[in-house]
Amino acid sequence: MDPTKQHTLPPDVAFDGGDLDCGNGLLLLIRKHIDPLPRGGLLEIRSTEISVDEDLPAWCRMTKNDLISWTKEGKQRSFLVCKGSLAERASSVPAQPKASPTPVDAVPLAPREPMPAPPPLPALAVTSMGSWPRPRWMVDAMHAHVQGRLDEATFQETADDAVRLIAAAQQRAGATMYTDGEQRRDSYASFVATRLDNCQLVPLIDLLPLVEDPGAFEAELRALDVPAADVRHPGVFGRIRRSRPLVAHEFDFLRCVTSAPIKVALPGPYLLTRTMWMDCIADNVYASREEIAADIVRVLREELADLINVGVSLVQFDEPVLSDVVFSGQKSKRSFMCGALSETEGPEHELAFARDLINAVVEGFPRERIAVHVCRGNWTPDESVALAGSYAPLVPTLASMKVGAYLLEACTPRAGDMALLQKLPADARIGVGVVNQKQRAIEPVEEIVARIARAADLFGADRLLLHPDCGFATFADNPICSMQIAEGKLAAIVQAVQRFKASARVA
């Protein structure tokens, strides 16, 4: 497209990118301004950087946003971009940007009135890890909501229907403790960008210019069945604050459809720090990783207080990136591992940092209602791309975390011998994965009984919690299995518990 003398349409929003190029932060500023616009909204981007002449049209093609026109006068350039197609713009009503749902200067939510503490979970309690496959209509609604084509109220009503299905599946399976299947989340971790002030989801395709080898990064994503255009990553554009719940609203609805104990999963503080700290984004706001980590700890403590107060039976912090630390070592380049794109130091430093962060979050809260979950990556059924290696290098770090339960893989051979877990605190509950969520077939009940018996011999039946190795759908677009298989695997665990209790004469 050749430049014109002037734009034929007025923009709804404009900003000046100065001399930034697409690999040095311009795309992130574009995303910051274009995401609040409705479909058909027009954004003017002013720039003095010559490389933008070629890079911005290419970005528009990849993201399916129309480049309407561009002008050039000396070094100054101006690009008019439509969010989506110009055909989506109402001809008689100018598109207006949406008001921000979370003001920049918002005050953190006060904890709600406390509810009575739930009873302790029984021995051999059965639960899923967290995520469940979403119905196709739920995935479509999620994309429409993120893209501004579906309003918040309609999205939440659609998610309510999906959660009802997941709750019914857990009831039929006979689960002891329910989750809402994380139906409202695009992924188990990045969804926080939709709930925190001054954060928003940025498509991974916008981040390709920031990685050292975009071609290799795209190849890694393709190998993991995770298209860069379909996965979004948190971008931080100001100091993060919590002016609405991160996940407490998920509990509120699930409590309306079941009286069973409820578990709620949250991304852990180390995972969020690794996810949110990226140069060219967060370093415009925070001076260091430690500084953004302090705000992450604060908002997680606020959320944890709310969850404990309203009666959540178990709050689970997910920290899968710890596996990446011990099995990959120091990284000088970005990795997709669980969406943690920031660089790292050596394993000893990272593990100590992770331990201190989780302990800072849980300090002062009832330990028996807090768990940590560590897996090896759960984005594809292909075990060959997941990290191998036992829990041995992680056990000392896990043992020093002040939590009351550890929910860990034990079924997949990648986890090693579960006897290693005997070094965890003797007064903590041990969650043992007894089915492999990546295996398409439902395991025979006799096989699951044998795993339960082995775990009971090692840890005592009264300490055991039982679950699949990991979630059934870490990413909304990439479920590990179908909903029917997920329900079947959970039901098989319940049947195995009944047989084990009968054979071992356990109450």
Side-chain angles (χ1 to χ4, degrees), residues 1-37 41-86 97 147 200-222 227-238 276-286 331-336 341-343:
M1 178 188 293
D2 294 327
T4 60
K5 288 187 177 181
Q6 63 182 25
H7 300 302
T8 58
L9 295 172
D12 300 305
V13 173
F15 79 94
D16 193 335
D19 60 357
L20 291 175
D21 60 34
C22 290
N24 196 32
L26 181 63
L27 293 184
L28 301 171
L29 289 176
I30 293 173
R31 184 61 59 183
K32 176 182 178 181
H33 289 86
I34 203 170
D35 273 1
L37 288 172
L42 297 178
L43 172 66
E44 180 190 6
I45 303 147
R46 295 188 286 270
S47 173
T48 58
E49 169 56 43
I50 187 172
S51 66
V52 178
D53 294 359
E54 294 186 3
D55 292 345
L56 186 60
W59 177 85
C60 287
R61 289 191 295 272
M62 287 189 296
T63 57
K64 299 180 180 179
N65 293 305
D66 283 353
L67 176 59
I68 306 303
S69 56
W70 70 289
T71 67
K72 179 180 178 182
E73 185 174 345
K75 297 179 66 175
Q76 184 64 55
R77 295 156 171 81
S78 172
F79 301 84
L80 188 66
V81 175
C82 179
K83 181 177 180 179
S85 167
L86 190 60
Q147 295 166 7
Q200 66 187 65
L201 288 176
V202 178
L204 279 180
I205 202 166
D206 290 5
L207 303 180
L208 292 181
L210 301 179
V211 301
E212 287 76 6
D213 189 343
F217 188 69
E218 281 192 292
E220 182 182 0
L221 292 175
R222 285 194 298 272
D230 292 339
V231 177
R232 292 185 170 231
H233 187 85
V236 177
F237 297 98
M276 291 183 166
W277 173 254
M278 286 188 67
D279 44 19
C280 296
I281 314 179
D283 62 358
N284 293 318
V285 181
Y286 293 97
K331 286 177 180 275
S332 59
K333 64 178 183 178
R334 308 190 199 285
S335 163
F336 181 70
L341 298 177
S342 62
E343 299 176 3

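Values reported hereafter were calculated over all heavy atoms of this structure, with side chains retained and with hydrogens, waters and symmetry mates removed.
- With rounding to the nearest 0.5 Å, the separation of CZ in Arg77 from OG1 in Thr48 is 7.5 Å.
- Across Pro36 and Arg31, no two heavy atoms sit closer than the pair CD-O, 4.4 Å.
- Atoms CD and OG1, on Gln6 and Thr71 in that order, are 9.0 Å from each other to the nearest 0.5 Å.
- A distance of 6.0 Å separates CD1 of Ile50 from NZ of Lys72, quoted to the nearest 0.5 Å.
- A donor-acceptor pair under 3.5 Å is formed between the side chain of Asp16 and the backbone N or O of Gly18.
- Nearest heavy-atom pair, Ile68 versus Cys82, reported as atom, atom and distance to 0.1 Å: CD1-CB, 3.9 Å.
- For the residue pair Ser85 and Asp66, the shortest heavy atom distance occurs at CA-OD2, 3.3 Å.
- Inter-residue side-chain proximity for Met1 and Pro57 is flagged as unmet; no heavy-atom pair is nearer than 4.5 Å.
- To the nearest 0.5 Å, atom CD of residue Gln200 and atom CZ of residue Phe237 are 4.5 Å apart.
- Val52 and Ser47 make their closest contact through CG2-OG, 3.7 Å (heavy atoms, listed as atom of the first residue, atom of the second, distance).
- With no hydrogens or angles considered, a side-chain donor-acceptor pair links Glu49 and Ser51 at under 3.5 Å.
- Between Val13 and the choices Leu42, Leu43, Ile45, Ile34, the side chain to side chain contact (heavy atoms under 4.5 Å, CB included) rule is met once, by Leu43.
- In this structure, Leu20 and Leu29 have side chains that are in contact, with non-hydrogen atoms separated by less than 4.5 Å.
- More than 12 heavy atoms of other residues, nucleotides or ligands sit less than 6.0 Å from atom CG of Leu9.
- For Asp35 against Lys83, the heavy-atom pair with the smallest separation is O-NZ, 2.8 Å.
- In this structure, the side chains of Trp59 and Thr63 come closer than 4.5 Å at one or more pairs of heavy atoms.
- Leu56 is listed as a side-chain neighbour of Ile30, based on a closest heavy-atom distance under 4.5 Å.
- The shortest side-chain heavy-atom distance between Trp70 and Val81 does not fall under the 4.5 Å cut-off.
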